[in-house]
Q: 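Here it is, the structure in full.
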Amino acid sequence: MKFNRILTVAALAASTFFAASCSRQVTRVSTDQTIDVSGNWNNSDSRMAAEELTGKILGAAWIDTHQTEHQGKKPVVIVGFVQNKSHEHIDAETFLKDIESTFIQTQKVRLVQGGKKREELRAEKADQQTNATVSSMKQFGLENGADYILQGSINSIVDSHKRQKVVYYQVNLELTNIQTNEVVWIGEKKIAKYVKN
Amino acid sequence: MKTKIIIAALAVLGGLYSGVASAQQTALLADQNPRYRESQAKYARGADSLTSLQGTTIQDTYKAYDWYEAKLERRRQNREWRHQERMNGYFDYAPSWGLYDNYYSPSINFGFGNRWGHGYRGGRSRIGIGFGW
């Protein structure tokens, strides 16, 4: 009888332990909230990079210079590649899209599509040549040519000893005049983290 | 003579018509790139494959490192490895004393572990007297 009671209590304790260890709790948080868990590149870093680089690129003199030289026309920008040379997987698209979005919202800079999306656009246009009505068919050779290309790189330095680590990230973006190859703007965002295990 | 005049007039008219038609084809819109036909021909060839993914989501994902998931995966792999070892007839996990332990000769076993059915001969050498685990 006593043994049975002990067995029941033990079974209950074991089941509670397993239930507690297997349960997963998920809490929604604000995307503006900074939560550092592992010390790796995270959404806060991406957000900070986007905010700082957007402010810098839109506040720089190259827009006014371009408008002065081109009878008030807005500069047309294409986004090139960003090279990740850091020790982590970092997708630059998260902060580049924020920058592109601000370009369009502020109406200071015009954007043209590049890369695979441009390929798809041209393929769609080619498809229209034989399938769409003449009045709705889009013509080749009438795209907006970009004046500038935005390119970038991500670098990192890791300094670690025993349980301590300092990680440094540097995100660089640069804008180059496609006609003259002249670099008209360079911006960087530097992030340093101290991680102790 | 009359027939020749008619033929010549037809030839002139045909030439004029084809000239007008080709002029219409090559007429450029305002500011249109004069080499637009090159791009058109290039994309006309691959248009089908390039537009075939329209309306779909291209899965270009990567596996992010998750410490907890990695730990579970390690445990799962270890469990699988031990299971495979057991299936290969490798039964003893605990240290045990053994004598002449191979398939052809009987084994004297002191300690823990089941030593029956040793068909597996690719692992640790267990011939002779020694301490094996």
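Residue numbering restarts at 1 for every chain, and letters A, B, ... go by the order of the sequence lines.
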Q: So which heavy atom on A:Asp127 is nearest to which on B:Ala47, and how close?
A: N-CB, 4.3 Å
Q: Atom NZ in A:Lys116, atom CD1 in B:Ile58: separation rounded to 0.5 Å?
A: 7.0 Å
Q: Kindly work out whether a path of hydrophobic side-chain contacts (I/L/V/M/F/W/Y, heavy atoms less than 4.5 Å apart) joins A:Val109 to A:Ile104.
A: yes
Q: Taking atom CD of A:Gln179 as the centre, report whether more than 12 heavy atoms of other residues, nucleotides or ligands fall under 6.0 Å from it.
A: no
Q: With only heavy atoms counted, which part of A:Gln129 is less than 4.5 Å from chain B, the side chain, the backbone, both or neither?
A: side chain
Q: Would you compute the distance between atom OH of B:Tyr68 and atom CZ of A:Arg24 and round it to the nearest 0.5 angstrom?
A: 7.5 Å
Q: I would like to know whether B:Leu29 and A:Leu142 meet side chain to side chain contact (heavy atoms under 4.5 Å, CB included); could you show each step before the answer?
A: CA-CA 9 Å; B:Leu29 297 168; A:Leu142 290 171; 3.7 Å; yes
Q: Measuring from atom CZ of A:Phe140 to atom NZ of B:Lys42, what distance do you get when rounded to the nearest 0.5 angstrom?
A: 10.0 Å
Q: Starting from A:Leu150, can I reach A:Ile78 by hopping between I/L/V/M/F/W/Y residues whose side chains sit under 4.5 Å apart?
A: no
Q: Please classify the contact between B:Tyr62 and chain A as side chain, backbone, both or neither, with a heavy-atom cut-off of under 4.5 Å.
A: side chain
Q: So for atom CG, which belongs to B:Asn78, do other residues, nucleotides or ligands contribute more than 12 heavy atoms lying within a distance under 6.0 Å?
A: yes
Q: Would you mind telling me which of A:Gln139, A:His89, A:Glu143, A:Glu119 has the largest number of heavy-atom pairs within less than 4.5 Å of chain B?
A: A:His89
Q: With a 6.0 Å cut-off (strictly less than), is the heavy-atom count around CZ of A:Phe81, excluding the residue itself, greater than 12?
A: no
Q: Are A:Val76 and A:Tyr148 joined in one hydrophobic group, where the rule is that I, L, V, M, F, W and Y side chains link up if heavy atoms are under 4.5 Å apart?
A: no
Q: Counting heavy atoms not belonging to A:Arg47, are there more than 12 under 6.0 Å from its CZ?
A: yes
Q: Among B:Glu38, B:Gln40, B:Gln54, single out the residue with the greatest number of heavy-atom pairs under 4.5 Å to chain A.
A: B:Gln40
Q: Between B:Tyr43 and A:Arg122, what is the shortest heavy-atom contact and its length?
A: OH-NH1, 3.3 Å
Q: Counting only heavy atoms closer than 4.5 Å, note whether B:Ala30 contacts chain A via side chain, backbone, both or neither.
A: backbone
Q: Check for me, please, whether A:Val112 and A:Leu121 land in the same ILVMFWY cluster - side-chain distances under 4.5 Å, paths through other members count.
A: no
